[in-house]
Amino acid sequence: MNKRNDEQYGKGSVLGKILIYLVLILLVITILVPVLWVFVASVKQNSEFYGSPWALPEGLYFQNFVDAWQTANMGEYMLNSVLVTAMALVLLIVIALPASYVLARFKFKSRGFWNTLFMAGLFINVNYIVVPIFLMLNNGDMALRKAFEKTFFLNNLFVLALVYAATALPFTIYLLSGYFKSLARDYEEAAYVDGAGYFRTMVQIIIPMARPSIVTVILFQFLAFWNEYIISMTLLTKPEIKTLPVGLMNLMAAQKSAVQYGQMYAGLVIVMLPTLILYMCVQKRLTQGMTVGGLKG
């Protein structure tokens, strides 16, 4: 009887594994095929798009990338995206690391309130508060214009980076706090015995140990900042300071009458390539960081 049950269990586990692998293969196909198609389409000439969409290119037409970079100003847009993303990541890490460490390791009266506040921020969709953010910044600019005849808040890459960092704080603090809570207090006690203060202990002991979780945060938020469209489109109205996703959408909108497909797909590749390269570089650290992240009691 037990032998028969073991055989049935073995068959069931094999079938379950086969089903899981089939689902994973289908997921890989649904992700890889569109990405590969975009790369193939980016080196096609415009006339090749009017035949079969699945046909391989007759040759490698890299002029599409030159046109997208120069004619469509993708190079200028990329520089703006690099600046905004870098500033937003620096601001986020500088603010979130001390806040997460304090909330995870120290007990004080308002600790519960701040934890609840940041947890509530996880359920706020940023796209729903773009208009209030715009109105608040616009009112600030109106006040500055009346007082100093200058503006600051709108069409400012630093302010956009600050908004990005502020909207990413809840998730970042959630992830980092969970990691800090998983660390043993023995390291901090040993540092205190050696005469290290709270700040030195955090910088020299805790933060290096939290490197996997920090890498995870940087990757997730890099993807979010790099691909963000709605906030950037709302807060940046001058053409010369638009970010890469906004510039790409403007390129696609401007070519409705005479579409240059190869140029558009080359622009898509320019947008996707930095994120793909970054993901391949930190894939192992990302997996490690995700397994230790999350809030613990």
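From a predicted model like this one, the values you see are computed outputs, not experimental measurements.
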Mind checking what makes side chain to side chain contact (heavy atoms under 4.5 Å, CB included) contact with [X], not counting sequence neighbours?
| X | value |
| --- | --- |
| V130 | I230, I231, T234 |
| D194 | none |
| E48 | K44, Q45, P57, E58 |
| F106 | Y101, V102, F108, Y192, Y198 |

Report the C-alpha distance between L91 and F158 in whole Å, list the side-chain angles of each, state the deciding distance to 0.1 Å, and finish with yes or no for side chain to side chain contact (heavy atoms under 4.5 Å, CB included).
CA-CA 10 Å; L91 288 170; F158 176 77; 4.1 Å; yes
Report the distance from atom [atom1] of [X] to atom [atom2] of [Y], rounding to the nearest 0.5 Å.
| X | Y | atom1 | atom2 | value |
| --- | --- | --- | --- | --- |
| Y21 | L26 | OH | CG | 15.0 Å |
| I25 | I20 | CD1 | CD1 | 12.0 Å |
| L176 | S213 | CG | OG | 4.5 Å |
| F225 | L223 | CZ | CG | 10.5 Å |
| I93 | I207 | CD1 | CD1 | 9.0 Å |
| M78 | T85 | CE | OG1 | 10.0 Å |

If you look at every heavy atom in [X] and [Y], which pair is closest and at what distance?
| X | Y | answer |
| --- | --- | --- |
| V203 | P208 | O-CD, 3.3 Å |
| A104 | F180 | CB-CB, 3.7 Å |
| P245 | S81 | CD-OG, 4.0 Å |
| R111 | K107 | NH1-CG, 3.3 Å |
| I241 | L157 | O-CD2, 3.6 Å |
| A168 | Q221 | CB-OE1, 3.4 Å |

Under the side chain to side chain contact (heavy atoms under 4.5 Å, CB included) rule, what do F222 and L278 come out as? Steps first, then yes or no, please.
CA-CA 9 Å; F222 174 87; L278 179 64; 3.3 Å; yes
[X]: what forms a side chain to side chain donor-acceptor pair (under 3.5 Å) with it, not counting sequence neighbours?
| X | answer |
| --- | --- |
| T30 | none |
| N155 | T237 |
| Y77 | none |
| R145 | none |

Sidechain-backbone polar pair: [X] side chain, [Y] backbone, donor-acceptor under 3.5 Å:
| X | Y | answer |
| --- | --- | --- |
| W226 | V271 | yes |
| S232 | E228 | no |
| S100 | L97 | no |
| Y164 | L92 | no |
| S42 | F39 | yes |

Are the side chains of [Y] and [X] in contact, using a 4.5 Å heavy-atom criterion?
| X | Y | result |
| --- | --- | --- |
| M87 | V90 | no |
| L160 | T243 | yes |
| M202 | P98 | yes |
| Y174 | L122 | yes |
| I205 | M209 | yes |
| L19 | L15 | no |
| T216 | L175 | yes |

Verify the cluster assignment for [X] and [Y]: are they in a single hydrophobic cluster under the rule of side-chain heavy atoms below 4.5 Å apart?
| X | Y | value |
| --- | --- | --- |
| M74 | Y229 | yes |
| V38 | V66 | no |
| M264 | L273 | yes |
| V35 | F65 | yes |
| I277 | M272 | yes |

My understanding is that a hydrophobic cluster links ILVMFWY residues whose side chain heavy atoms are under 4.5 Å apart, including indirect links. Using that, what else belongs to the cluster containing L56?
none
Ignoring hydrogens and angles, write down the donor-acceptor pairs under 3.5 Å from the side chains of residues 132-144, residues two or more places apart or on other chains.
unit_1	atom_1	unit_2	atom_2	d
N139	ND2	L135	O	3.1
D141	OD1	F152	N	2.8
D141	OD1	F153	N	2.8
D141	OD2	L154	N	2.9

Contacts of W69 that satisfy ring-ring contact (aromatic ring centres under 6.0 Å, His included) - sequence neighbours left out
none
Hey, mind stepping through L89 and V217 against side chain to side chain contact (heavy atoms under 4.5 Å, CB included) and telling me if it holds?
CA-CA 9 Å; L89 286 174; V217 166; over 6 Å; no
May I ask you to decide if the ring planes of W37 and Y265 are parallel, tilted or perpendicular, using 30° and 60° as cut-offs?
perpendicular
For atom CD of E240, decide whether the heavy atoms of other residues, nucleotides or ligands shown that lie under 6.0 angstrom number more than 12.
yes
Taking atom types as modelled, is there a side-chain donor on E76 or N80 under 3.5 Å from an acceptor on the other?
no
Who pairs with E188 by salt bridge (charged side-chain N to carboxylate O under 4.0 Å, His left out), at least two apart in sequence or on another chain?
R105
